[in-house]
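Throughout, numbering of the chain's residues begins at 1 and tracks the sequence. Every heavy atom of this structure was used, including side-chain atoms; hydrogens, water molecules and symmetry mates were not. Ligands are counted one by one from 1 in listed order, and the atoms in each one are counted from 1 as well.
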Amino acid sequence: MASFTLHGIPVSRGIAIGRAHLLAPAALDVRHYLIEAEQVEAEVQRLQDAIETVHKELQVIWKDLPQDAPAELGAFLDVHALILSDPMISEVPLDIIRARHYNAEWALVTQIDELSAQFDEIEDPYLRERKNDIQQVGERVLKVLTGTATALSRLSSAEESTAQVIVIAHDISPADMLQFRDRAFGGFVTDVGGQNSHTSIVARSLDIPAAVGMSNASALIAQDDWVIIDGDAGVVIVEPSPAVLEQYRELQARLMRERKKLGKLRRTPAVTRDGTEIALFANIELPDDCVAAMEAGAAGVGLFRSEFLFMGRTGYTNRLPSEDEQFESYRAAVVAMKGRPVTIRTLDIGADKPISTVEETALNPALGLRAIRYCLAEPQMFLAQLRAILRASAFGPVKLLIPMLTQSFEIDQTLAMIEQAKAQLRDAHKKFDPLIPIGAMIEIPAAALALPLFVKRMDFLSIGTNDLIQYALAIDRADHEVAHLYNPLHPAVLYLISNTIATGTKAGIPVSVCGEMAGDTKLTRLLLGMGLREFSMHPAQLLSVKQEILNSDLTTIAPQIRKIMRAFDSSAIAEAVDQLRML
Ligand code: PEP
Ligand code: MG
């Protein structure tokens with residue numbers, strides 16, 4: 001096949017070279033035909049064999065579940081096994097083949113459609129959710145019947161476990177992305193998505209080359225095609241010529257050598273040439289990420305996105321993690337960081353981070369009941385999380401970070417609930433740090449423009465540039481159609497960031513940036529020049545940022561920053577920011 005190149009949005013650095021593995025779209029279009037009477041029993045057998053194969057496949061997946069897989073994944077697989085054994089799936093379609101002479105795929109789809117229609121009638125959202133389980137089980141059987149292996153079974157088979165697999169999909173949810181941890185998996189390409197969508201953020205945290213917003217990559221790339229992902233350029237080369245392949249192999253080897261060299265900076269303090277100390281923290285999704293954070297020499301965790309403990313929980317145990325389960329996870333992170341502070345952000349769900357127990361009905365979820373708004377609307381759930389975080393603070397330094405605060409009454413209510421959680425723990429004789437620092441994410445423009453509301457009542461601020469840019473520019477961070485307008489260097493964005501750093505610093509409270517801008521080496525000097533002294537990013541980005549800091553001199557950067565802050569032309573700003581790297 002001829003080689004071709006696709007252009008999209010770069011989201012995670014590095015070069016990946018491997019064979020394409022297409023994740024089949026959820027709905028399978030099956031062939032419909034009538035079979036002869038004498039073929040009926042053979043067709044029945046074909047369906048029975050497929051069901052048996054899926055039973056075995058589920059067992060293999062169960063056995064191969066990574067240690068850090070969400071606790072409910074096992075239960076979820078059990079539910080699928082139960083559905084598969086139920087006569088409604090294991091017998092009724094066989095009767096349909098016998099009675100109507102449908103081919104096996106058609107018979108199965110007929111029954112699944114029938115069941116789905118029945119589930120649609122059900123009021124109870126929990127039971128209605130089971131419709132998805134039935135459809136997923138049906139799809140697994142159909143994939144066996146039609147000869148398209150499922151991603152998980154393919155990836156877990158022994159011969160694939162050492163090969164580089166490049167996943168090509170229309171879309172991958174952040175929760176599904178997490179499931180790819182620990183699997184032989186070299187990179188991923190999706191048709192949709194933005195640079196700072198949560199799926200992309202998880203890819204960066206897994207340190208896997210990735211490109212999104214590739215429009216129709218999943219239609220153009222065929223199963224097992226050779227694929228190169230250039231994660232820095234956001235380019236995918238399909239069926240490369242031997243010369244191009246060789247060139248990229250060399251580039252890949254060079255990047256690996258550079259990375260190894262960076263490893264030497266692990267213990268070097270992050271100090272600029274003029275002697276200014278900078279603190280570099282890690283962003284994590286799950287407690288296990290602390291290993292990478294420690295390996296990168298992070299000063300602590302600057303952002304623990306606690307919502308990842310709540311996501312991807314389906315099946316019978318479709319519920320939120322209990323206070324004790326959460327406490328164990330938070331404590332695990334605190335213990336793993338060995339005395340370095342762990343900043344735990346309270347639940348930030350909604351928009352592109354749905355959780356299965358919360359039905360998303362808002363017309364515009366990014367502007368809806370997200371993050372702290374949701375928590376204040378669910379006080380019992382919020383109190384349980386606050387107690388879990390507070391209890392973890394008895395095991396090492398913990399900071400509490402609240403997402404999406406905007407209004408003064410939200411601050412009042414949040415602080416009151418933290419006091420209530422503390423009182424409940426005192427009553428229960430449970431230990432916690434009574435002086436736990438409380439901080440606000442500054443990620444809504446209104447917050448960045450009304451900082452006096454925050455600086456008097458908060459112990460620290462953390463700028464969430466991902467959302468700050470989204471809301472300041474009215475650009476959905478996950479929508480590839482408007483990705484070219486998502487501009488961190490827009491003068492309004494720069495004003496909001498620099499105003500927050502200056503106001504917080506003047507008030508004597510620490511300010512960090514924990515959005516993706518903090519890990520972008522092209523922006524390190526800009527942020528340093530704006531006065532930023534705390535950065536929080538994926539562990540994989542930490543040493544490159546440190547290298548940039550070690551080579552920076554604030555005295556030469558400062559005058560250039562003043563010029564940038566006075567400019568309004570985006571291309572002039574971009575050029576001036578590039579120039580900073582030459583200083
Ligand atoms: C942000 O908005 O910049 C941020 C760090 O939070 P999240 O990406 O999880 O929304
Ligand atoms: Mg945010």
Is the closest basic N to carboxylate O distance between Arg525 and Glu548 below 4.0 Å?
yes

Not counting sequence neighbours, which residues clear side chain to side chain contact (heavy atoms under 4.5 Å, CB included) with Glu328? List them please.
Arg331

Pairs under 3.5 angstrom only: tabulate donor-acceptor contacts from the side chains of residues 375-392 to other protein residues two or more places apart or in another chain.
residue : atom : partner : partner atom : Å
Gln385  : OE1  : Leu347  : N            : 2.9
Gln385  : NE2  : Ser306  : OG           : 2.9
Gln385  : NE2  : Tyr330  : OH           : 2.9
Arg387  : NE   : Glu323  : OE1          : 2.6
Arg387  : NH1  : Gln424  : OE1          : 2.6
Arg387  : NH2  : Glu323  : OE1          : 2.9
Arg391  : NH1  : Glu323  : OE2          : 2.8
Arg391  : NH1  : Asp324  : OD1          : 3.0
Arg391  : NH2  : Asp324  : OD1          : 3.3

Check for me: within less than 2.8 Å of the Mg ion (ligand 2), which protein N/O/S atoms show up?
Glu443 OE1, Asp467 OD2

Considering residues, nucleotides and ligands other than Phe395, do more than 12 of their heavy atoms fall under 6.0 Å from its CZ?
yes

Salt bridge Asp207-Arg13, side-chain N to carboxylate O under 4.0 Å:
no

Which one of Arg204, Gln470, Arg477 satisfies the side-chain hydrogen bond (donor to acceptor under 3.5 Å, both in side chains) criterion with Asn196?
Arg204

Which one of Arg305, Arg370, Arg373 satisfies the salt bridge (Lys or Arg N to Asp or Glu O under 4.0 Å) criterion with Asp348?
Arg370

Under 4.0 Å from ligand 1, residues with heavy atoms, in chain and number order, are His198, Ile201, Leu303, Arg305, Arg345, Asp348, Lys353, Arg370, Met441, Glu443, Gly464, Thr465, Asn466, Asp467, Arg477, Cys514, Gly515

Give a yes or no on this: more than 12 heavy atoms of other residues, nucleotides or ligands lie within 6.0 Å of atom CD of Glu575.
no

With distance as the sole test, does Lys399 use its side chain to make a donor-acceptor pair with the main-chain N or O of Pro341 at under 3.5 Å?
no

